[in-house]
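Please read all numbers here as calculations on a predicted model, not as lab measurements.
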Number of protein chains: 2
Amino acid sequence: MIRRFRGESLHKVDAKGRVSVPAAFRRVLEEGDPDFSTGSSPNFVIVYGGVRGSCLEGYTINSISKVDKLISKLPRFSKDREMLERFINTQSTYMQLDETGRIVLSHRLKEKIGIGDEALFAGMGEKFQIWEPKNYQNELNALDSSFKNLSEDENPFLKLDQLQD
Amino acid sequence: MIRRFRGESLHKVDAKGRVSVPAAFRRVLEEGDPDFSTGSSPNFVIVYGGVRGSCLEGYTINSISKVDKLISKLPRFSKDREMLERFINTQSTYMQLDETGRIVLSHRLKEKIGIGDEALFAGMGEKFQIWEPKNYQNELNALDSSFKNLSEDENPFLKLDQLQD
DNA sequence: TGCCATCTTATGGGATATCATGGAATTTTA
DNA sequence: TAAAATTCCATGATATCCCATAAGATGGCA
């Protein structure tokens with residue numbers, strides 16, 4: 001089975017910026033790092049320049065490579081490519097779990113998304129997100145209400161079954 | 001034969017949150033997990049963020065993968081995709097039966113649907129649901145009365161045979 | 001068809017491992 | 001050399017594993 005990032009969990013951020021990454025996510029990060037071997041700690045990538053910018057996004061090495069490959073397909077000096085490279089390559093950083101499964105969020109990263117002493121991890125399939133808990137709740141509420149306002153044929157759940165497979 | 005989730009049954013939830021999954025459902029979960037082999041225990045997925053949110057929904061690995069695959073076809077950063085990932089991926093979790101056929105419902109999951117020391121399992125074809133027994137009864141009653149108020153041409157039983165295949 | 005042996009199921013309890021988290025000690029680096 | 005970052009150790013809480021048992025269900029077989 002290819003595991004995906006699933007579920008939510010809330011973790012403490014200590015004075016040094018250390019946070020535990022949810023154990024379930026570690027398994028996915030390990031599987032997604034071609035250089036990982038039992039005993040070592042997986043590498044992965046955090047993108048902080050995200051489309052919406054209100055959370056951090058974690059990618060396995062394999063899934064960020066996929067994104068990189070897509071970007072490389074764009075014309076070399078196009079505005080689009082320039083922009084994506086800026087957001088995804090420039091505004092990102094390699095990370096490595098320590099042996100207790102934690103990472104440290106630098107002052108800069110915490111500031112980016114307004115994190116204090118708690119961080120909310122949210123699984124999103126091929127990536128995961130890190131949110132300041134209140135902002136996350138707002139995001140969920142906003143999502144809920146915008147979902148309620150959708151007409152029948154805008155409902156993404158219903159659109160799903162119309163896709164070919 | 002492709003087995004489907006059928007029937008209802010009521011099970012005790014012990015102090016640790018452990019519940020037996022109905023034996024009939026285990027067979028379906030086993031068939032629906034490509035990595036299952038006799039001797040091992042099947043994995044599956046519980047979604048708790050359902051559109052209605054009053055029960056948990058269990059999916060086999062195969063059926064949730066179908067959904068994942070459809071979602072992956074949507075453009076990577078589209079609003080639709082984010083919404084679906086949020087409702088289906090974020091609000092879900094991997095589960096594995098133990099060798100006596102039980103799962104453990106975390107405090108969080110029990111809270112979500114108001115479960116105390118009993119859980120009602122309901123087969124729904126491609127998925128099953130877990131309800132707090134009283135809520136389940138209310139749901140049944142509500143369904144009954146709304147069914148009685150339908151006109152002839154709204155009756156879903158009658159609409160069934162009009163579908164093309 | 002009545003009875004016994006066996007298997008499966010549902011459930012419980014205790015032991016063990018993993019996880020999340022904190023603090024101290026040590027190294028790096030500016 | 002002080003501040004920042006990293007490594008190492010410690011611990012309570014939670015989750016997982018392992019074993020136990022009683023009640024049904026199943027299946028032969030006389």
query: Hydrophobic cluster mates of Tyr136(A), side-chain heavy atoms under 4.5 angstrom, ILVMFWY only, any path?
result: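 Members besides Tyr136(A), by chain and number: Leu10(A), Leu120(A), Trp131(A), Leu140(A).
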
Quiz item: By the rule that ILVMFWY residues connect when side-chain heavy atoms come within less than 4.5 angstrom, directly or transitively, which residues belong alongside Phe147(B)?
Solution: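 Besides Phe147(B), the cluster holds Leu150(B), Phe157(B).
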
> Bend across the helix from dT1(C)-dA30(D) to dA30(C)-dT1(D), to 10°, with axes taken over 5 pairs at each end?
Replying inline: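 Axis-to-axis angle, ends of the helix: 30°.
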
Distance, rounded to the nearest Å, where [X] contributes [atom1] and [N] contributes [atom2]:
X: Glu99(B); N: dA10(C); atom1: CD; atom2: C1'; result: 14 Å
X: Ile103(B); N: dC17(D); atom1: CD1; atom2: P; result: 14 Å
X: Asp98(A); N: dT7(D); atom1: CG; atom2: P; result: 8 Å
X: Gln96(A); N: dT6(D); atom1: CD; atom2: P; result: 11 Å

For [X], check salt bridge (Lys or Arg N to Asp or Glu O under 4.0 Å) against everything at least two apart and list the hits.
X: Glu31(A); value: none
X: Lys69(B); value: none
X: Glu132(B); value: none
X: Lys134(B); value: none

*asked:* Test: ring pair (Phe, Tyr, Trp, His ring centres under 6.0 Å). Region: residues 12-38 of chain B. Which pairs qualify, not counting sequence neighbours?
replied: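 Matches after skipping sequence neighbours: Phe5(B)-Phe25(B), Phe25(B)-Phe128(B).
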
Identify every side-chain donor-acceptor pair in residues 13-24 of chain B under 3.5 Å, counting partners at least two apart or on other chains, and give the distances.
from	atom 1	to	atom 2	distance (Å)
Asp14(B)	OD1	Lys16(B)	N	2.8
Asp14(B)	OD1	Gly17(B)	N	3.1
Asp14(B)	OD1	Arg18(B)	N	2.9
Asp14(B)	OD2	Arg18(B)	NE	2.8
Asp14(B)	OD2	Arg18(B)	NH2	3.1

Heavy-atom contacts, protein to nucleotides 18-30 of chain C, under 4.0 Å, summarised as B (base), S (sugar-phosphate only) or - (none) per nt, yield -SSBBBB------

Among residues 105-125 of chain B, which ones have heavy-atom contacts with DNA chain D below 4.0 Å?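 None, since no heavy atom is under 4.0 Å.
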
Are Leu56(A) and Gln129(A) side-chain neighbours, meaning at least one heavy-atom pair lies under 4.5 Å?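 Contact flag for Leu56(A)/Gln129(A) side chains = no.
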
Side chains of residues 102-117 of chain A: which donor-acceptor pairs under 3.5 Å do they make with residues two or more places apart or in other chains?
from	atom 1	to	atom 2	distance (Å)
Arg102(A)	NE	Thr100(A)	OG1	3.2
Ser106(A)	OG	Leu109(A)	N	3.2
Arg108(A)	NH2	Tyr48(A)	OH	3.4

